[in-house]
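Right, one structure below, let's go through it.
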Amino acid sequence: MKKGVVILGSLILAFAFCLPAVAQPSAKAVETIVIDSFDQETEWTWNVISSRFAADGYPIVKKFDGMPNSLRAFHRNDDPAPQVLGVKIAFDRKGDNWFEIFPEKDGEPYEPEFLGTVTQMDFWVWGANYNYMLEVMIRDADGRVHVLDAGSLLFQGWRNIVLNIPGSIRQHSRYRSGRPDLTFVGFRVRSALREAVDDYVIYFDQIKYTTNTLSNIYDGYELRDADFGESEGSSSGAAPEK
């Protein structure tokens with residue numbers, strides 16, 4: 001009896017090792033993808049809006065030459081000249097003031113899509129040592145905007161911010177008609193109630209994210225959005241009118 005079990009087990013193991021490699025695909029491909037480095041033109045630009053007590057002529061958004069010192073070692077001579085995104089703001093009174101920086105395309109807010117399943121976002125931000133708070137806004141597969149706390153801006157100069165994406169946020173809809181991916185909405189900066197607000201600047205660089213690009217890819221994925229050529233109001237399975 002034991003001899004039969006051993007033989008059967010050996011046959012099962014031999015069969016498993018003979019299976020083609022395609023039957024056991026890798027389900028993980030971790031990549032880091034840059035949303036914007038500000039060093040060259042993209043399909044979108046950046047804009048800024050603010051709460052109602054902004055001083056006349058503010059906020060201002062503009063690119064400047066420069067980069068964090070920690071990134072200089074990765075900059076090659078044939079790369080585009082390094083640039084950063086800067087915002088300047090002034091308010092007429094202290095209080096719960098805020099402004100938002102976001103991508104824009106054709107004069108409308110634009111939300112770049114995240115590929116795969118995102119685990120982290122990271123970016124460089126230049127703090128002016130003011131008691132302000134930074135938030136990151138993302139939109140989930142159900143269309144809800146989530147505001148993630150990115151911490152205090154009470155520091156001087158450049159700092160790399162690494163932000164974990166909560167697993168509770170739905171990144172992919174199970175419906176074909178649902179939103180295909182998580183999207184990046186923008187940044188929000190809030191002043192502390194008693195902090196100075198008459199002359200504030202902030203800069204951003206190297207906005208990127210870490211993702212598993214294969215997490216939502218399956219056998220037959222390309223058929224998800226196949227074009228059936230249907231016209232509006234028509235159905236090939238409808239019975240002819242009498």
Side-chain angles (χ1 to χ4, degrees), residues 21-22 24-40 42-44 46 67-75 79 82 84-85 100-103 105 109-127 132-155 158-190 202-222 224-225:
V22 71
Q24 299 173 10
S26 171
K28 199 170 186 66
V30 177
E31 298 183 41
T32 298
I33 299 175
V34 176
I35 296 177
D36 204 341
S37 66
F38 309 109
D39 297 344
Q40 44 193 337
T42 59
E43 60 178 308
W44 62 81
W46 290 81
M67 67 189 307
N69 280 332
S70 298
L71 297 180
R72 294 188 185 278
F74 303 100
H75 186 77
D79 287 340
V84 300
L85 184 74
E100 295 178 357
I101 309 109
F102 57 92
K105 186 177 180 180
Y110 174 72
E111 299 180 11
E113 295 181 354
F114 292 101
L115 300 178
T117 299
V118 183
T119 55
Q120 286 184 333
M121 273 192 72
D122 85 89
F123 49 87
W124 287 83
V125 59
W126 188 96
Y132 285 29
M133 297 299 296
L134 177 63
E135 299 169 337
V136 175
M137 297 175 291
I138 57 177
R139 191 184 303 274
D140 69 15
D142 296 322
R144 291 190 293 265
V145 173
H146 298 260
V147 180
L148 307 179
D149 180 13
S152 171
L153 292 167
L154 191 61
F155 58 85
W158 287 108
R159 179 174 292 183
N160 183 224
I161 304 296
V162 179
L163 191 63
N164 292 324
I165 305 300
S168 58
I169 295 178
R170 186 188 300 276
Q171 299 198 30
H172 310 286
S173 175
R174 66 188 181 91
Y175 302 109
R176 289 185 61 251
S177 58
R179 290 170 53 84
D181 295 294
L182 190 74
T183 57
F184 172 70
V185 178
F187 297 103
R188 180 187 293 149
V189 179
R190 287 186 177 277
I202 188 172
Y203 301 92
F204 294 91
D205 198 14
Q206 286 287 335
I207 305 171
K208 56 187 184 292
Y209 61 94
T210 302
T211 179
N212 177 7
T213 53
L214 291 183
S215 63
N216 198 42
I217 304 299
Y218 47 84
D219 191 7
Y221 179 84
E222 70 280 1
R224 177 184 173 96
D225 298 315

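Quantities reported herein were computed from a predicted structural model and do not represent experimental measurements.
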Sorted by chain and number, sequence neighbours left out, ring pair (Phe, Tyr, Trp, His ring centres under 6.0 Å) with F38 holds for W46

How long is the straight-line distance from CG of L163 back to CE of M121, given to the nearest 0.5 Å?
7.0 Å

Taking atom CE of M67 and atom NE2 of H75, what is their separation to the nearest 0.5 Å?
6.0 Å

Listed by chain and number, what are the side-chain hydrogen bond (donor to acceptor under 3.5 Å, both in side chains) partners of N69, not counting sequence neighbours?
R72

Student check: side-chain heavy atoms of H172 and D181 closer than 4.5 Å:
yes

Would you confirm whether T211, through its side chain, and E31, through its main-chain N or O, come within 3.5 Å as a donor-acceptor pair?
no

So how far is it from T119 OG1 to I165 CD1, rounded to the nearest 0.5 Å?
8.0 Å

Nearest 0.5 Å please: distance from the CD1 atom of I207 over to the CZ atom of F123.
7.5 Å

Only counting residues at least two apart or in another chain, list the ones meeting salt bridge (Lys or Arg N to Asp or Glu O under 4.0 Å) with R170.
D142

Step by step, work out the side chain to side chain contact (heavy atoms under 4.5 Å, CB included) result for M137 and E100.
CA-CA 10 Å; M137 297 175 291; E100 295 178 357; 3.8 Å; yes

Less than 4.5 Å apart, any side-chain heavy atom of V136 and any of D149?
no

Counting C-beta onward and ignoring hydrogens, is there a side-chain heavy-atom pair between R139 and R144 closer than 4.5 Å?
no

Check side chain to side chain contact (heavy atoms under 4.5 Å, CB included) between N164 and all other residues, then give those that pass, not counting sequence neighbours.
Q120

Could you go through F74 and D79, starting from their C-alpha distance and side-chain angles, then the distance that decides it, and tell me whether this counts as side chain to side chain contact (heavy atoms under 4.5 Å, CB included)?
CA-CA 10 Å; F74 303 100; D79 287 340; over 6 Å; no

Q40: side-chain hydrogen bond (donor to acceptor under 3.5 Å, both in side chains) partners, not counting sequence neighbours:
none

For the CG atom of L182 and the CD1 atom of I138, what is their distance to the nearest 0.5 Å?
4.5 Å

Sequence-distant partners of P112, side chain to side chain contact (heavy atoms under 4.5 Å, CB included), two or more places apart:
I35, W44, P103, Y110, F184

For side chain to side chain contact (heavy atoms under 4.5 Å, CB included), just list the numbers for M133 and V189, CA-CA rounded to whole Å, side-chain angles, deciding distance to a tenth of an Å, and then say yes or no.
CA-CA 6 Å; M133 297 299 296; V189 179; over 6 Å; no

Taking only residues two or more places apart in sequence, or in another chain, which ones meet E113 in a side-chain hydrogen bond (donor to acceptor under 3.5 Å, both in side chains)?
none

Decide side chain to side chain contact (heavy atoms under 4.5 Å, CB included) for F114 and I33; before the verdict, give the C-alpha distance in whole Å, the side-chain angles of both, and the deciding distance to 0.1 Å.
CA-CA 9 Å; F114 292 101; I33 299 175; over 6 Å; no

Are any of the side-chain heavy atoms of V118 and Q171 separated by less than 4.5 Å?
yes

Test side chain to side chain contact (heavy atoms under 4.5 Å, CB included) applied to S70 - qualifying residues, sequence neighbours left out
W124

Checking side-chain contact (heavy atoms from CB on, under 4.5 Å) against F204, which of I101, I161, V84 comes through?
I101

Taking only residues two or more places apart in sequence or in another chain, which ones pass ring pair (Phe, Tyr, Trp, His ring centres under 6.0 Å) with Y203?
F64, W126

Roughly how far, to the nearest 0.5 Å, is the CG atom of D140 from the OG1 atom of T183?
8.5 Å

Report yes or no: does S173 contribute a side-chain atom to a donor-acceptor pair with the main-chain N or O of A141 at less than 3.5 Å?
no

With sequence neighbours excluded, tell me which residues meet side-chain hydrogen bond (donor to acceptor under 3.5 Å, both in side chains) with D122.
N160, K208

Going by salt bridge (Lys or Arg N to Asp or Glu O under 4.0 Å), name the residues that satisfy it together with E135, two or more places apart in sequence or in a different chain.
R188, R190

With ring centroids as reference points, do F187 and F102 lie under 6.0 angstrom apart?
no

